[in-house]
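What follows is a single structure, written as structure tokens, with notes after it.
Side chains included, hydrogens not; waters and symmetry mates left out as well; all remaining heavy atoms used. What you see is a predicted model; the values in this text were computed from it and never measured.
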Amino acid sequence: QVHLVESGGGLVLPGGSLRLSCAASGSIFSVTAMGWYRQAPGKERELVAAITSGGSTNYADPVKGRFTISRDNAKNTMYLQMNSLKAEDTAVYYCKARLISTGSMTFLDYWGQGTQVTVSS
């Protein structure tokens with residue numbers, strides 16, 4: 001059984017910063033890629049940033065230069081540092097991990113429950 005738990009979301013003023021965390025726990029054999037997605041009202045879920053086990057990163061154009069994704073492989077934890085936040089960043093942010101669980105012994109995608117990020121004055 002695998003669980004992904006996000007933390008760090010909340011309400012912030014435009015121009016402010018937030019740091020999101022995603023911790024994977026449970027019967028995990030190996031974690032490969034992890035990523036942050038977001039979904040705003042009336043829009044489809046979209047990739048925000050992704051990171052491989054080797055540290056390679058990819059960012060969506062709207063967040064380049066403002067967001068930084070990182071991970072601690074020893075802790076199976078991923079972070080998203082969000083700076084210079086804008087109103088259009090408001091969304092539910094989801095953590096995703098592609099991993100091998102000890103139960104399945106094959107690559108599967110797991111999702112967190114989502115955390116609300118609201119940028120408003």
Side-chain angles (χ1 to χ4, degrees):
Q1 191 170 8
V2 176
H3 299 277
L4 301 182
V5 180
E6 300 105 330
S7 62
L11 175 65
V12 65
L13 294 171
S17 298
L18 284 174
R19 182 177 175 85
L20 304 183
S21 298
C22 173
S25 63
S27 302
I28 299 170
F29 181 78
S30 180
V31 180
T32 56
M34 300 184 74
W36 289 99
Y37 292 73
R38 68 185 182 187
Q39 187 167 21
K43 294 187 176 182
E44 296 184 353
R45 188 173 300 183
E46 63 179 3
L47 176 69
V48 177
I51 185 168
T52 68
S53 60
S56 298
T57 60
N58 185 46
Y59 297 91
D61 286 339
V63 308
K64 288 181 179 177
R66 300 188 296 119
F67 292 8
T68 302
I69 189 171
S70 61
R71 64 187 289 178
D72 184 336
N73 291 334
K75 297 180 179 180
N76 290 329
T77 301
M78 174 179 63
Y79 308 93
L80 185 67
Q81 179 66 47
M82 304 186 293
N83 298 325
S84 301
L85 283 162
K86 306 174 181 179
E88 50 263 44
D89 295 318
T90 296
V92 177
Y93 284 70
Y94 297 90
C95 170
K96 189 186 81 172
R98 178 163 292 175
L99 55 82
I100 301 174
S101 69
T102 56
S104 69
M105 293 307 295
T106 189
F107 288 107
L108 293 174
D109 289 342
Y110 292 83
W111 292 85
Q113 80 287 348
T115 185
Q116 178 70 47
V117 172
T118 302
V119 185
S120 177
S121 59

Give every donor-acceptor pair under 3.5 Å between a side-chain atom in residues 40-52 and any protein atom, sequence neighbours left out.
from, atom 1, to, atom 2, distance (Å)
Glu46, OE2, Arg38, NE, 3.0
Thr52, OG1, Gly54, N, 3.3
Thr52, OG1, Gly55, N, 3.4
Thr52, OG1, Ser56, N, 3.2

What side-chain donor-acceptor pairs closer than 3.5 Å can you find for residues 8-30, not counting sequence neighbours?
from, atom 1, to, atom 2, distance (Å)
Ser17, OG, Asn83, OD1, 2.9

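Residues that satisfy the ring pair (Phe, Tyr, Trp, His ring centres under 6.0 Å) test with Tyr37, not counting sequence neighbours, are Trp111.
Among Lys96, Met82, Glu6, the one residue that satisfies the side chain to side chain contact (heavy atoms under 4.5 Å, CB included) test with Trp36 is Glu6.
Between Met78 and Val31 there is no side-chain heavy-atom pair separated by less than 4.5 Å. At a threshold of 4.5 Å between non-hydrogen side-chain atoms, the residues Val119 and Lys86 do not count as touching. For the pair Pro62 and Glu88, the minimum side-chain heavy-atom distance is 4.5 Å or more.
Side-chain atoms of Gln81 never come within 3.5 Å of backbone atoms of Thr68 as a donor-acceptor pair (strictly under, hydrogens ignored). Between the side chain of Asn73 and the backbone N or O of Ser53, at least one donor-acceptor pair lies under 3.5 Å. Of the possible donor and acceptor atoms, one in the side chain of Tyr59 sits under 3.5 Å from a partner among the backbone N and O of Ile69.
How far CD of Gln116 is from OG1 of Thr90: 7.0 Å, rounded to the nearest 0.5 Å. Atom-to-atom distance recorded for Gln1:CD and Thr102:OG1 is 11.0 Å, nearest 0.5 angstrom. One finds the OH atom of Tyr79 at 11.5 Å from the SG atom of Cys95 (value rounded to the nearest 0.5 Å).
Atom CZ of Arg98 has 12 or fewer heavy atoms from other residues, nucleotides or ligands within 6.0 Å.
Considering all non-hydrogen atoms of both residues, Gly112 and Tyr94 come closest at O-CD2, 3.9 Å. Here the closest non-hydrogen pair linking Tyr93 and Asp89 is OH-O, 2.7 Å.
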